[in-house]
Amino acid sequence: MVIEPRTRGFICLTAHPKGCEQNVINQINYIQSKGTIEGPKKVLVIGASTGFGLASRITAAFGSNAATIGVFLEKPANRGKTASAGWYNSAAFEKQAQAAGLYAKSINGDAFSKEIKQQTLDLIKADLGQVDLVVYSLASPVRTHPETGVKHRSSLKPIGQSFADKTVDFHTGVVSEVAIEPANEDDIANTVAVMGGEDWEMWMDALQKENLLASGATAVAYSYIGPKLTEPVYRKGTIGRAKDHLEATAFTIADKLKAIDGKAYVSVNKALVTQASSAIPVIPLYISLLYKIMKAENIHEGCIEQMHRLFKDRLYNNKTATDAQGRIRVDDWEMREDVQAQVAELWTKVTTETLPALGDLKGYADDFFNLFGFRIEGVNYEEDLNEVVEIPGLQ
Ligand code: NAD
Ligand code: NA
């Protein structure tokens, strides 16, 4: 079939297999153009199919020749419906990895569950023996707790007071006011249950208990801070509480990993268009202004550039500089004072009328469609394609 984008709000219901493949190849080419990194050798990536997790997997495999196991939750094609983008990404990644002689296998299922954890442990045991890097890059709106069976739903709400500010519908370019009522205690607890550190710690405990972590192993999970203007809905809202918890969990895990001479970090990454971030109010408008400034300053990065810098200049350069809270910062360019001052200035002026000149809405929209394999250079979108694609290393 000929595959076209079909969007509903901030999701796209279709994905393009050739476009997703080209996306992955472009990321691989970027990493290969940068030379090798004395990095990890055997890597588990939890949340490996899109965004930062996929970029981490590509960096480890094609930057350091690492064997990788990816865990994700994606949909195969079904009855004329396309597969999800992460499915096509993983198929493309594993095809390229195996062609390059690299071990690459994956597990598709709920990473929060005991079953998927056990399946992953068994695969590591059988194939790799141990891993020396665990990347935790899940982003999910829901988590069924493995002990209680309770299904927790995260929310994106301010805490303590309602919030109102500008936001944009990036399909139409209309800038409007959004108002969000404050979270209650349940909203906070549920968001921490989904996006906090409990599941990361469960993964690390299970790996350590079964002696599947190599001596000196590293664990890393991803966080976000962002500017003052998104604080009420992000860092000081429900999701921020979850990130506080995730960051605190890094210390708990680091303590446990001392037994194997291992380390645990949170890396604070920059704001980027991913399936997760396009769902957060206010953030798309902020990102379109940020992109404009960062591109003008020649410091714009996507997921792959970010993860390359994380591996090469932070995790594997033998000095791992962290901030006062022990976090790795690859959001350093986003948070530069001059960049933030310019964004804050644009924020006061931005309206539906001024956005095309002030912001990079086209960059935002292109990145959004790129996530699903659309608007990628060199792809023939007229081509009649089979939407059914196998992931070579799927267990
Ligand atoms: P993403 O949506 O691109 O990736 C999420 C991944 O999690 C996918 O591989 C998906 O398959 C997997 N996943 C979701 N639910 C799952 C489940 N139940 N079982 C197994 N796999 C599941 O998101 P992303 O933006 O790359 O986010 C990854 C991390 O980076 C998150 O912690 C996020 O907060 C953080 N981060 C994001 C940004 C940003 O701007 N996008 C910035 C800084 C930090
Ligand atoms: Na990810």
Side-chain angles (χ1 to χ4, degrees), residues 4-14 51 85 139 141 155-158 161-183 224-240 270-303 331 333-377 381:
E4 285 171 354
R6 271 204 297 129
T7 58
R8 186 186 295 152
F10 47 75
I11 57 169
C12 185
L13 303 168
T14 53
S155 56
L156 296 157
K157 293 184 184 175
Q161 54 196 15
S162 59
F163 166 80
D165 208 334
K166 298 174 192 178
T167 194
V168 67
D169 176 339
F170 64 87
H171 292 299
T172 60
V174 172
V175 176
S176 63
E177 189 91 350
V178 63
I180 315 168
E181 288 309 304
Y224 183 65
I225 297 176
K228 273 266 175 293
L229 70 96
T230 62
E231 255 181 10
V233 272
Y234 197 94
R235 196 62 210 212
K236 291 189 173 162
T238 48
I239 182 72
K270 87 174 272 230
L272 278 170
V273 182
T274 65
Q275 294 184 45
S277 68
S278 42
I280 308 176
V282 185
I283 300 267
L285 183 57
Y286 166 70
I287 290 183
S288 59
L289 300 179
L290 180 74
Y291 273 25
K292 181 85 168 188
I293 303 298
M294 292 188 81
K295 286 177 184 177
E297 299 282 341
N298 243 322
I299 51 172
H300 177 70
E301 296 173 296
C303 287
D331 66 337
W333 299 347
E334 170 183 357
M335 299 308 281
R336 247 171 51 179
E337 240 172 78
D338 59 318
V339 170
Q340 285 303 321
Q342 292 180 73
V343 175
E345 168 78 25
L346 293 180
W347 189 265
T348 63
K349 296 182 184 155
V350 71
T351 61
T352 305
E353 290 68 39
T354 60
L355 179 57
L358 298 184
D360 183 23
L361 194 63
K362 186 184 178 308
Y364 188 100
D366 284 348
D367 275 12
F368 176 80
F369 283 102
N370 287 176
L371 295 176
F372 304 92
F374 299 107
R375 300 191 188 175
I376 310 272
E377 224 181 278
Y381 289 105

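A distance of 6.5 Å separates CG in Asp165 from CD in Glu177, rounded to the nearest 0.5 Å. Put simply, OG1 on Thr274 and CG on Asp367 are 10.5 Å apart, with the number rounded to the nearest 0.5 Å. One finds the CD1 atom of Ile239 at 6.5 Å from the CD1 atom of Ile280 (value rounded to the nearest 0.5 Å). The line from CZ of Phe374 to SG of Cys12 is 5.0 Å long, rounded to the nearest 0.5 Å. The CG atom of Leu346 sits 9.0 Å away from atom OG1 of Thr354, with the distance rounded to the nearest 0.5 Å. Atom CG of Leu229 sits about 8.5 Å away from atom CD1 of Ile283, to the nearest 0.5 Å.
Remark: the backbone N or O of Val343 is not paired with any side-chain donor or acceptor of Lys292 at under 3.5 angstrom. Side-chain atoms of Thr172 come within 3.5 Å of backbone N or O of Val174 as a donor-acceptor pair.
Counting non-hydrogen atoms of other residues, nucleotides and ligands closer than 6.0 Å to CD of Glu377 gives a total of 12 or fewer.
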*side-chain contact (heavy atoms from CB on, under 4.5 Å) between Gln340 and Met335: does it pass, once the steps are laid out?*
CA-CA 6 Å; Gln340 285 303 321; Met335 299 308 281; 4.0 Å; yes
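Taking the side chain to side chain contact (heavy atoms under 4.5 Å, CB included) definition, one finds that Ile376 meets it with Gln22, Asn23, Asn26, Asn370, Val379, Tyr381, sequence neighbours left out. With sequence neighbours excluded, no residue forms a side-chain hydrogen bond (donor to acceptor under 3.5 Å, both in side chains) with Lys166. With sequence neighbours left out, Thr167 forms a side-chain hydrogen bond (donor to acceptor under 3.5 Å, both in side chains) with no residue at all. Scanning for ring pair (Phe, Tyr, Trp, His ring centres under 6.0 Å) contacts around Tyr224 gives Tyr234, with sequence neighbours left out. Contacts of Thr352 classified as side-chain hydrogen bond (donor to acceptor under 3.5 Å, both in side chains), with partners at least two apart in sequence or in another chain: none. Partners of Phe372 by ring pair (Phe, Tyr, Trp, His ring centres under 6.0 Å), not counting sequence neighbours, listed by chain and number: Phe368. Annotation: side chain to side chain contact (heavy atoms under 4.5 Å, CB included) contacts of Leu272 (sequence neighbours excluded): Phe52, Lys270, Tyr291, Cys303, Gln306. Every residue two or more places apart in sequence or in another chain was checked for a ring pair (Phe, Tyr, Trp, His ring centres under 6.0 Å) with Phe10, and none qualifies. A search for side-chain hydrogen bond (donor to acceptor under 3.5 Å, both in side chains) contacts involving Asp169 returns nothing, not counting sequence neighbours. Remark: Ile299 pairs with Met294, Glu297, Trp333, Arg336, Val339 by the side chain to side chain contact (heavy atoms under 4.5 Å, CB included) rule, at least two apart or across chains. Not counting sequence neighbours, the partners of Val233 by the side chain to side chain contact (heavy atoms under 4.5 Å, CB included) test are Phe163, Ile180, Val282.
The two atoms that bring Pro5 and Thr14 nearest to each other are CA-OG1, 3.3 Å, heavy atoms only. Among all heavy-atom pairs drawn from Leu156 and Thr238, the shortest one is CA-OG1, 3.6 Å. Val175 and Val350 get closest at one heavy-atom pair: CG1-O, 4.4 Å.
The closest side-chain heavy-atom distance from Gln161 to Pro182 is not below 4.5 Å.
Applying the salt bridge (charged side-chain N to carboxylate O under 4.0 Å, His left out) definition to pairs two or more places apart or across chains, those involving residues 345-360 are Lys295-Asp360, Glu345-Lys349.
The side-chain contact (heavy atoms from CB on, under 4.5 Å) test with Glu334 is passed by exactly one of Ile293, Ile225, Leu290: Leu290.
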